[in-house]
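So the structure is just underneath, and the comments pick up after that.
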Amino acid sequence: MEPQKKNKPNTLVIILFSLVVLMVIIYFILVTFFPGVFAGMNTGDLQPVKPNE
C-alpha cells in the first residue's frame, strides 16, 4: 500500500488568503486608531430622487 498523500492547497492560494485576512486586520486597526481618515469617505447614503424639472 502506498502512503496517503496529503491534500495541500496551492502556495498561491495560501498567500492570497493570508493577504485578505491581513488587509482586514489592518483596516480595523486603522479605523480604531485613525478614525479621521475614514470620516470623509462617501458611505453611499440614499438620496431622494428629484423629478426632472
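Computed over heavy atoms, backbone and side chain alike; hydrogens, waters and symmetry mates excluded. Quantities reported herein were computed from a predicted structural model and do not represent experimental measurements.
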Discussion item. Using the rule given for side chain to side chain contact (heavy atoms under 4.5 Å, CB included), can you reason through Asn10 versus Val13, listing the C-alpha separation, both sets of side-chain angles and the distance that settles it, and then say yes or no?
Written reply: CA-CA 5 Å; Asn10 193 352; Val13 173; 4.0 Å; yes

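Hydrophobic cluster of Leu12: the remaining members, joined at side-chain heavy-atom separations below 4.5 Å, are Leu16, listed by chain and number. Using a 4.5 Å cut-off between side-chain heavy atoms of Ile, Leu, Val, Met, Phe, Trp and Tyr, Ile15 falls into a hydrophobic cluster with Leu19.
Both Leu22 and Val31 belong to a single network of hydrophobic side chains, linked directly or stepwise wherever heavy atoms of I, L, V, M, F, W or Y lie under 4.5 Å apart. Val20 and Met23 are assigned to two separate hydrophobic clusters, defined by single-linkage of ILVMFWY side chains at heavy-atom distances under 4.5 Å.
Remark: Ile29 engages Ile25, Phe33 in a side-chain contact (heavy atoms from CB on, under 4.5 Å) (not counting sequence neighbours). Judged as a side-chain contact (heavy atoms from CB on, under 4.5 Å), and not counting sequence neighbours, Asn7 has no contacts.
Applying the ring pair (Phe, Tyr, Trp, His ring centres under 6.0 Å) test to residues at least two apart or on different chains, the pairs with a partner in residues 5-30 are Tyr27-Phe38.
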